Trainee: 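The structure is given below, and queries will be raised subsequently.
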Amino acid sequence: MKINLVPNQIQKTKGDCLIVFVTATNTNDDSYLLNISQKLNIDLNQHLPNRITNKVESIFSIPLLNESNVKHLLIVGSGKPETLSYDIIRKVIGKSIRKARALNYESVTIDSCPFEQSKLKKEKILQIISETLIMGQYQFSYFKSTKEPLSNIENINILSSSPSNKSFQAALSKGCIIATAVNEARNLANTPANELTPKQVTEYAKDMFQKDKLIDLSIITPNKAHQLGMNGLLNVGKGSENKPYCLVLKYMPIKKKDPIAIIGKGVTFDSGGISIKPSRGMNSMKADMTGAAAVISSMFAISELKPSLNIMAIVPLAENMPAGNALKPGDVITAMNGKSIEVINTDAEGRLILADAICYAVKENAKLIIDIATLTGASLVALGELAAAVIGNNDDEINQLIKISQETGDRVWQLPNYDEFKDYLKSDVADIANCSEGRYGGTCTAAKFLEQFVDKTDWLHIDIASVMKTKKTQGDQVTGMSGSGVRNIVEFLLAKEKSHK
Ligand code: BES
Ligand code: ZN
Ligand code: ZN
C-alpha cells in the first residue's frame, strides 16, 4: 500500500473513492461541500435527501457511478473546527479507511486540507493520518483457514496544500515506519505461546535484524545467564520446558557515549507458576510479552529513523509455568546485584526477570533506564483500560513522557513513587519480598520493587497491563492485542535526540 501527498485539486481526482470531512455545523449549505460538488461536477443535494451532520465518525456514503471521475464519495463528520484534535483525526481516518476497504476499492483519495486549516501541527496531522491508515487496517488472521478479506487498497493519495514540502513528506514516512512497527508488535503479542517461546522470540529478532548493520544483536543463553547471576530470569523460567533467554540489541551510532536502555518484559506465557492464575482469561497471558514486543519493534523503527543517539534494548524472555522443579512461594533467590528476594507469589514474576535486566543495564552504564511491562492487574483497577501507568525517580523524565504521550495516542498517567511503599515489601528472611501480601497499591509496589535495582540511574517504568488489549475497533485501534508502547518509546527517544543536539 502506497501513501502519497498530492496537490489539493479535487477536480483532478481520478481515484475510486474520495474521502472528505465536514467540520461545519451548517452542513447542507456548507461552502466546502458546495465547492467539492462543483469540482466533481455533481449535484450533491440530489444525493443527500437528509441533512448531513458533522457528528464525529458519521459517514455518508454516496456512490457516484458514472457521474464523475470518482466512483464513490464518503463524507465523514469530524466535529466542530474548534474541537478538532489528534484523537478525532485518528477516529475519522480509521473509520473511513475501513469503510473504503469494505467497499473494496483499490485507490483512495483523502482530503486532509480541512485538518491543515486547524491550529494543530501540520506535520503531526500527516504523521497521524499515515499511522492510522496502517494501524487501523491491521488484521491478525494467520491462524484462520478462511482469512478475512485482505485490503484491496493499493494507493492512497492525500490532498495537501503543499505536497512537495519536505517536512510534510518526512512526517508521512515517519508515520508509516512507526505504524509498521506497532503492527509488528501486535503480531508478536497476538501470536500464541505455543508458537512463540522465549527462543522463538530471539529467532524472530535474528531474522528481523540479521541484515541490519546498525543493530548489534546478542543473546544471553541460559548458561551465560547463569554466569552473569541472572537468577530472577533463570528461576522464573525453570518450571518450563522452554528455556529462558535474554535478548540484547545495541544501536550505538555515537562513539564513547553511554546509552539509554529500554527494557521490555518478555513473559511469553504467564500461568502464574505455582501461584497459578484462575483459568478464566488466562489465555490472554500469551501477551505478557507486550513490553518485549514494544521494545523489539521500537528498535526496528529506530534503525529506520536513525537518530544520533545511543540506545540499548534488553529483553528478558521466560515462560512462567508450574512444574515439579518450578520456583515456589517462600523460595529465596539472589538477583544479579546480590540482593536476596523472597518470592511471596510466583505470579509476580515479571519484576523478577526485569530486576536482572535492570542490573544488566546499570552494569552497561545506561544513563537512563526505561522499562515497559504488563506488570500488574492493579493498573487496570487504577486506570481502567484507558491509560498505562508511569512511575519513576525523575520528575523531568516523567513529565517529558507524559507530554509526548499526549500526542502519540498511547495514553500514560503518573502514579506515585512514595518511599513508604518500600514498607509493603519487607521480608522476614530476605532483603526484599517480591510483592506484598495485601492487594493495595499493586502498581506502585511493583515499581518500588524495580527501583531497588536501578541504583542511582534515572529510571522510568511504564506498566502497560491496563492497555495490553483492545476490546473495540476504533480509530487506529483494532480488537486484539494493542501493540501499545511503541509510539511512546520511539517519540520519547527521538525527542531525546533533539534535546541533546
Ligand atoms: N502478567 C501479570 C499482570 C497482568 C494482569 C497483565 C492482567 C495483563 C493483564 C503479572 O505477572 C501478575 O500476575 N501480577 C500479579 C502481581 C501480584 C501477584 C502481586 C497481579 O497483578 O495480580
Ligand atoms: Zn504473573
Ligand atoms: Zn506476568
Side-chain angles (χ1 to χ4, degrees), residues 185 189-190 193 196 198 201 232-233 235-237 239-240 244 263-294 315-322 326-331 341-357 371-389 391 415 421 424-427 432-450 461-471 480-485:
N190 277 317
L196 197 68
V201 176
L233 179 70
N235 274 286
V236 169
S240 168
I263 298 176
K265 171 179 171 183
V267 173
T268 54
F269 187 71
D270 182 11
S271 69
I274 296 295
S275 317
I276 197 161
K277 286 180 181 294
S279 51
R280 202 185 149 92
M282 203 203 267
N283 57 320
S284 69
M285 283 301 117
K286 66 175 183 178
D288 206 19
M289 32 58 71
T290 298
V315 184
L317 296 152
E319 193 177 67
N320 188 21
M321 296 291 278
L327 182 67
K328 297 173 289 295
D331 285 359
I341 305 168
E342 182 186 7
V343 179
I344 303 291
N345 189 318
T346 64
D347 197 11
E349 84 299 337
R351 59 197 80 181
L352 298 176
I353 71 170
L354 290 172
D356 285 338
D371 78 78
I372 179 158
T374 47
L375 206 62
T376 63
S379 66
L380 280 147
V381 178
L383 300 167
E385 290 151 317
L386 299 184
I391 297 175
L415 293 183
F421 280 123
Y424 290 51
L425 298 170
K426 279 196 175 133
S427 161
I432 189 173
N434 78 329
C435 60
S436 71
E437 302 275 3
R439 295 166 57 89
Y440 296 160
T443 305
C444 302
T445 54
K448 204 55 174 180
F449 177 87
L450 296 178
H461 160 65
I462 312 170
D463 191 335
I464 50 170
S466 45
V467 290
M468 176 182 91
K469 206 169 172 177
T470 306
K471 281 207 187 119
M481 298 310 168
S482 63
S484 172

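Since we're looking at a predicted model, the values are computed, not measured. We use all heavy atoms of the structure for the numbers below, so side chains are in, but hydrogens, waters and symmetry mates are not. Counting starts at 1 for both ligands and their atoms, in listed order.
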Trainee: Tell me which one of Asp270, Val236, Val267 gets a heavy atom nearest to atom 2 (C) of ligand 1.
Mentor: Asp270
Trainee: Would you mind checking which non-hydrogen protein atom is closest to atom 21 (O) of ligand 1, with the distance to 0.1 Å?
Mentor: Gly377 N, 2.7 Å
Trainee: Which is the closest N/O/S atom of Asp288 when seen from the Zn ion (ligand 3)?
Mentor: OD2
Trainee: For the Zn ion (ligand 3), does an N/O/S atom of Lys265 lie at less than 2.8 Å?
Mentor: yes
Trainee: One pair to check against side chain to side chain contact (heavy atoms under 4.5 Å, CB included): Met481 and Ser284. What are the steps and the verdict?
Mentor: CA-CA 9 Å; Met481 298 310 168; Ser284 69; 4.2 Å; yes
Trainee: Compute the minimum heavy-atom distance from Lys277 to ligand 1 and say whether it is under 4.0 Å.
Mentor: yes
Trainee: Starting from the Zn ion (ligand 2), look over the N/O/S atoms of Asp270 and name the nearest one.
Mentor: OD2
Trainee: Can you tell me how far apart CG (Leu383) and CG (Leu415) are? Round to the nearest 0.5 Å.
Mentor: 5.5 Å
Trainee: State whether the side chain of Asp463 and the backbone N or O of Leu375 hold a donor-acceptor pair below 3.5 Å, judged by distance alone.
Mentor: yes
Trainee: Please determine if Thr376 has a nitrogen or oxygen closer than 3.5 Å to a nitrogen or oxygen of ligand 1.
Mentor: no
Trainee: Need the atom name: nearest N/O/S atom of Glu349 to the Zn ion (ligand 3).
Mentor: OE2
Trainee: Below 4.0 angstrom from a heavy atom of Asp288, which ligand 1 atoms are there? Numbered from 1 as shown, please.
Mentor: 1 (N)
Trainee: Applying side chain to side chain contact (heavy atoms under 4.5 Å, CB included) to Thr445 and Tyr440, what does each step give before you reach the verdict?
Mentor: CA-CA 9 Å; Thr445 54; Tyr440 296 160; over 6 Å; no
Trainee: Looking only at protein heavy atoms, which one is nearest to atom 12 (C) of ligand 1, and how far off is it?
Mentor: Asp347 O, 3.2 Å
Trainee: Is Asn345 in polar range of ligand 1, meaning some N or O pair under 3.5 Å apart?
Mentor: no
Trainee: State whether a side-chain donor-acceptor pair under 3.5 Å links Thr376 with Thr443.
Mentor: yes
Trainee: Got an N, O or S from Asp347 under 2.8 Å of the Zn ion (ligand 2)?
Mentor: yes
Trainee: With heavy atoms of Glu349 as the reference, note each atom of ligand 1 found under 4.0 Å away.
Mentor: 11 (O)
Trainee: For the pair Asp288 and Lys265, find out whether any cationic side-chain nitrogen is under 4.0 Å from an anionic carboxylate oxygen.
Mentor: yes
Trainee: Taking atom OG of Ser275 and atom CG of Asn320, what is their separation to the nearest 0.5 Å?
Mentor: 8.5 Å
Trainee: How far is atom 6 (C) of ligand 1 from its nearest protein heavy atom, and which residue and atom is that?
Mentor: Ala465 CB, 3.5 Å
Trainee: In Å and rounded to the nearest 0.5 Å, what is the OG1 to CE distance from Thr470 to Met468?
Mentor: 10.0 Å
Trainee: Counting both backbone and side chain atoms, is some N or O of Arg351 under 3.5 Å from an N or O of ligand 1?
Mentor: no
Trainee: Give a yes/no on ligand 1: does Met285 have at least one heavy atom closer than 4.0 angstrom to it?
Mentor: yes
Trainee: Within a distance under 4.0 Å of any heavy atom of Lys265, pick out the atoms of ligand 1 and give their elements.
Mentor: 1 (N), 10 (C), 11 (O)
Trainee: For atom 14 (N) of ligand 1, grab the closest protein heavy atom and report residue, atom and distance to one decimal in Å.
Mentor: Leu375 O, 3.4 Å
Trainee: CG/Leu425 to OG/Ser436 distance, rounded to the nearest 0.5 angstrom?
Mentor: 6.5 Å
Trainee: Main chain of Ala348, side chain of Asn434: is a donor-acceptor contact present, judged purely on distance under 3.5 Å?
Mentor: yes
Trainee: Heavy atoms only, cut-off 4.0 Å: how does Glu437 contact ligand 1, side chain, backbone, both, or neither?
Mentor: neither
Trainee: Just wondering, are more than 12 heavy atoms of other shown residues or ligands nearer than 6.0 Å to NZ in Lys426?
Mentor: no
Trainee: For the side chain of Thr346 and the backbone of Ile274, is there at least one donor-acceptor N/O pair under 3.5 Å apart?
Mentor: yes
